[in-house]
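Following: one structure in structure tokens, then a few remarks.
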Amino acid sequence: MNYWLIKSEPDDYSWSDLVSDGSVIWSGVRNYQARNYLREMKSGDLVLFYHSRHGLEIVGVARVSTEAYPDPTADHGDWSAVDIEPVKPMTHPVSLSRLKSDVRFAEMPIIRSGRLSVSPVSSSQMNLILEWGGVSLI
DNA sequence: GCCAACGTTGGC
DNA sequence: GCCAACGTTGGC
């Protein structure tokens, strides 16, 4: 299983929107590197859901429920989408500032001034974030 | 709301 | 194929 982090501006689409929708097409990614990560996703992969611009914290854990498929919102170009569904909210949201203050996250794209909207998370980083977030997935 | 950083576009 | 101009992202 692989782990990922996706960003969303909560004004556009928030964790609570995901919870009320139950499932959403993660479409509209228009960055090649992010698209390539979408294509590496497997059904069942866990995804940290991060609120950018407002909030600046990881607020929940979601799950990929499909393989990547052609983005239906792309009228031209070779873009991909996956379906995402909520798993659990963070009991304690994990803030960007907390990640920044720990050297174990220094290599994360989100820390390295990343505008990358989809990025990989290592299993050790994932475990730490879940622990900090008070989330048990078992 | 500002603006730095980054990616993309397009004239040459 | 370079690179200036432009648009977008996202922390602050």
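Just so we're on the same page: letters track the sequence lines, and every chain starts at 1.
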Report all interatomic pairs (protein N or O, nucleotide N or O of nucleotides 5-8 of chain B) with separations under 3.5 Å.
from   : atom 1 : to        : atom 2 : distance (Å)
dA5(B) : N3     : Arg115(A) : NH1    : 2.8
dC6(B) : OP1    : Ser113(A) : OG     : 3.4
dC6(B) : O2     : Arg115(A) : NH2    : 2.9

What is the distance from [atom1] of [X] to [atom2] of [N], rounded to the nearest Å?
X	N	atom1	atom2	value
Ile110(A)	dC12(C)	CD1	P	11 Å
His54(A)	dC12(C)	NE2	P	13 Å
His51(A)	dT9(C)	NE2	P	17 Å

Side chain to side chain contact (heavy atoms under 4.5 Å, CB included) partners of Tyr13(A), counting only residues at least two apart: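 Testing Tyr13(A) for side chain to side chain contact (heavy atoms under 4.5 Å, CB included), a comparison that skips the adjacent residues, returns Ser8(A), Asp17(A), Leu18(A), Asp21(A), Val24(A), Trp26(A), Phe49(A).
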
Contact residues, residues 96-108 of chain A to DNA chain C [heavy atom, < 4.0 Å]: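 Only Leu96(A), Lys100(A) qualify.
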
Distance in Å, Arg39(A) CZ paired with Ser80(A) OG, rounded so as to fall on 0.5 Å steps: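 It is 3.5 Å, given to the nearest 0.5 Å.
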
Residues Thr73(A), Trp79(A); criterion side-chain contact (heavy atoms from CB on, under 4.5 Å); working and verdict: CA-CA 9 Å; Thr73(A) 70; Trp79(A) 301 108; over 6 Å; no

Qualifying side-chain hydrogen bond (donor to acceptor under 3.5 Å, both in side chains) pairs, either residue in residues 92-101 of chain A, two or more places apart: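 Matches after skipping sequence neighbours: Ser95(A)-Ser97(A).
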
Any pair counted as side-chain hydrogen bond (donor to acceptor under 3.5 Å, both in side chains), so long as it reaches residues 117-138 of chain A, sequence neighbours left out: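 Those involving residues 117-138 of chain A are Ser122(A)-Ser124(A), Ser122(A)-Gln125(A).
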
Asp83(A) and Val64(A), any side-chain heavy atoms less than 4.5 Å apart: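 Result no, sub-4.5 Å side-chain heavy-atom pair not found.
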
For Arg115(A), all residues meeting salt bridge (Lys or Arg N to Asp or Glu O under 4.0 Å), sequence neighbours excluded: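 Scan of Arg115(A) (salt bridge (Lys or Arg N to Asp or Glu O under 4.0 Å), adjacent residues dropped) gives none.
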
Asp71(A) and Arg35(A): CA distance, side-chain angles, deciding distance, salt bridge (charged side-chain N to carboxylate O under 4.0 Å, His left out) verdict: CA-CA 10 Å; Asp71(A) 185 340; Arg35(A) 180 203 68 181; over 6 Å; no

Any Lys7(A) side-chain nitrogen or oxygen under 4.0 Å from OP1 or OP2 of dT9(C):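 Looking at the OP1 and OP2 atoms of dT9(C), neither is under 4.0 Å from any side-chain N or O of Lys7(A).
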
